[in-house]
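Only one structure is covered here, and it is reproduced in the block below.
Chain naming here is simple, since letters A, B, ... match the order of the sequence lines and numbering starts at 1 in each.
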Amino acid sequence: MSELTQNEYREQRLVNMRALEDMGYKPFGHAFKRSGRLAEIREEFVEEKEVTAAGRLTTVRDMGKSIFADIRDGSDRFQIYVQKKALDEEAFAAFKLLDVGDHIGVAGALFTTRTGEPTLKISKWDLLSKSLLPLPEKWHGLKDVEARYRQRYLDLISNPDVRELFDKRIAAIKETRSFLEARGFSEVETPMLQSQAGGAAARPFVTHYSALDQEMYMRIAPELYLKRLLVGGFDKVFELNRSFRNEGLSRTHNPEFTMLEIYEAYTDLSGMKDIIEGLITHLAENVFGGLVVGEGDDAIDFNLPWREVTYRDLIIERMGDDWYDLSFEDASARAEKEGLSLDPAWGMMMVTHEVYEKLIEKTLHQPTFVTRFPAELVPLAGTCDDDASVVDVFELVIGGKEVAPAYKELNNPLVQRERLDNQAGEDAEKVDYDFLTALEHGMPPAGGMGIGIDRLIMTLAGVDAIRDVILFPQLRQKTSAE
RNA sequence: GGGCCGUUAGCUCAGUAGGUAGAGCAGUACACUUUUAAUGUACGGGUCGACGGUUCGAUCCCGUCACGGCCUACCA
């Protein structure tokens, strides 16, 4: 079937490869000293200058005694000109045996064609690596979404906008690190392999550590270890790395994802707010091209200040001034009238929260800090000074998605123990008692924040699928693999 | 996990109210010394996702499966 015809391409390329070998070329050759990457050669273009360059052959325009072709490296594309009389006969004949996709090294002089294209007229060339399989079509690129994710290398070669988006992701992560380091934060690494998966409520990936003969979990969040570091005297730390959650795949969920968590001692939410506002506007301006992302009604405006509103006010705004005075039955009826299906086990708080998650959050398109969540929902946060039923937190929502929750961290070990015990219920093994012990030694008051980096990049880049910002997103394994 | 949709040449896509399929790019051959989606002429290339069923006959209809997409559910 498809392998058969694909083999015809491969067979032909093997024939070409052997012919080149017979002429003394090494098909999977060697290092090649280049004057610079193609972008540098373009930048430092001087008429007549002798340079060497290397890249992958991407298009060939053969006119008999004269060939124009493009080569590409990780930085740019560049046109080369192969003129029959400019190199020896055998080298010219050998060049015609090349296939699109081959890596070559070339030497020659720069010039400008009559159409104004900077070009390298080659006097020598060498084969650096043979490509045995054809690349996707040059004009339409690779469209098949499955192939794009499974063979991302082809996607990167043939779809320049994909490469550009990943370059932006790389730049955003680099800028995030320098932004935080410039403000005195230290980047740390804490365990991804944990004996207890704490810091969030998600199903973990389970594995087994043979040496200790014990179950281990891939972390679902770094939070509890970062707080141990607060106890240990690291008062400004962050970790920017992967967490893992054994939950469903969707347009906005990948089982491994990149999270940034930041903790600063002796500060509170206002400190976290300054950081997130500064960081996001910095990234928008310096990496993604400006403070307004997208167009028309979808545009997101990152100009400060951002809206700040309490959870309670949002609920009232959506469900009516009297919501919090309603009986449970009346509230449930009103929620169901809005199209929500309610779990009979829920109480008033969960019904209200369902209203927030299903009816309100997705409508918060512009950057919005939602504050003062019910305390039961956020067991690791400290309560507000004026009202112990709500916690001193914000969730930054952008484009209808939760991008960054921040807490005044709970540092009262007695309250923390009670809340974790309550949450774990009968499943007491789930409580990380080592963490509670650390708190008892005294954790400074602190603000903390978690930022889903993949989602932040989606938001800033204006893409709506998480797999478009992850190089190798998770897919089901193909059983027919060779 | 549930619902709906998709899978045709290496790539991008047409198509057949059931009679084993076409185009462009790519490939092969020839021509061509300034092209850039080079051009011109000719040629080759397909188990129409897999397996069953219905039928004289299935890429097309039906069923199962695989993979993917969208929606939905789980992820404080």
- Query: Between the base of B:U35 and the side chain of A:Thr113, is there a donor-acceptor distance below 3.5 Å?
  - Reply: yes

- Message: Using a distance-only criterion (donor-acceptor N/O pair, under 3.5 Å, no hydrogens), is the base of B:U33 paired with the side chain of A:Gln83?
- Response: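 Indeed, a donor on one side and an acceptor on the other fall under 3.5 Å apart.
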
Name the nucleic acid region contacted by [X], choosing base, sugar-phosphate or nothing; use a 4.0 angstrom heavy-atom cut-off, strictly under.
X	result
A:Asp62	base
A:Gln12	sugar-phosphate
A:Gly199	base
A:Ala69	nothing
A:Arg419	nothing

Measure from [atom1] on [X] to [atom2] on [N] and round the result to the nearest Å.
X	N	atom1	atom2	answer
A:Glu223	B:A76	CD	P	12 Å
A:Ile466	B:C75	CD1	P	17 Å
A:His353	B:C75	NE2	C1'	12 Å
A:Leu475	B:U7	CG	P	19 Å

- Within less than 4.0 Å of OP1 or OP2 of B:C74, is there a side-chain N or O belonging to A:Arg203? no

- Below 4.0 Å: OP1/OP2 of B:U34 and any side-chain N or O of A:Arg61: no

Closest approach to the side chain of [X], judged atom by atom: which nucleotide of [options] is it?
X	options	value
A:Glu137	B:A38, B:U28, B:G24	B:G24
A:Asn16	B:U12, B:U34, B:U28	B:U28
A:Lys143	B:C13, B:A73, B:A38	B:C13
A:Leu142	B:U12, B:A76, B:U34	B:U12
A:Pro379	B:A76, B:A37, B:G1	B:A76

- Name the stems that RNA chain B belongs to, where each is three or more consecutive Watson-Crick or G-U pairs with both distances under 3.5 Å? B:1-7 with B:66-72, B:10-13 with B:22-25, B:27-31 with B:39-43, B:49-53 with B:61-65

With sequence neighbours excluded, tell me which residues meet side-chain contact (heavy atoms from CB on, under 4.5 Å) with [X].
X	result
A:Arg467	A:Tyr149, A:Ala465, A:Pro473
A:Met17	A:Leu14, A:Glu21, A:Pro27, A:Phe28, A:Lys130, A:Leu132
A:Thr52	A:Phe32, A:Arg34, A:Ser35, A:Ala107

- Message: Tell me if the CD atom of A:Glu89 is crowded by more than 12 foreign heavy atoms within 6.0 Å.
- Response: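 Not more than 12 within 6.0 Å, no.
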
- When you compare B:C25 with B:A21, how far apart are their P atoms, in angstrom units rounded to a whole number?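 That atom pair is separated by 23 Å.
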
- Message: Taking B:G18 as the reference, what is the distance to B:G52 when you measure between their P atoms (whole Å, please)?
- Response: 23 Å

- When you measure from every atom of RNA chain B, which of residues 145-157 of chain A have a heavy atom less than 4.0 Å away?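 Residues of residues 145-157 of chain A that come under 4.0 Å of RNA chain B are, in numerical order, A:Val145, A:Glu146, A:Arg150.
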
Could you write out each protein N or O paired with an N or O of nucleotides 40-44 of chain B at a distance under 3.5 Å?
none

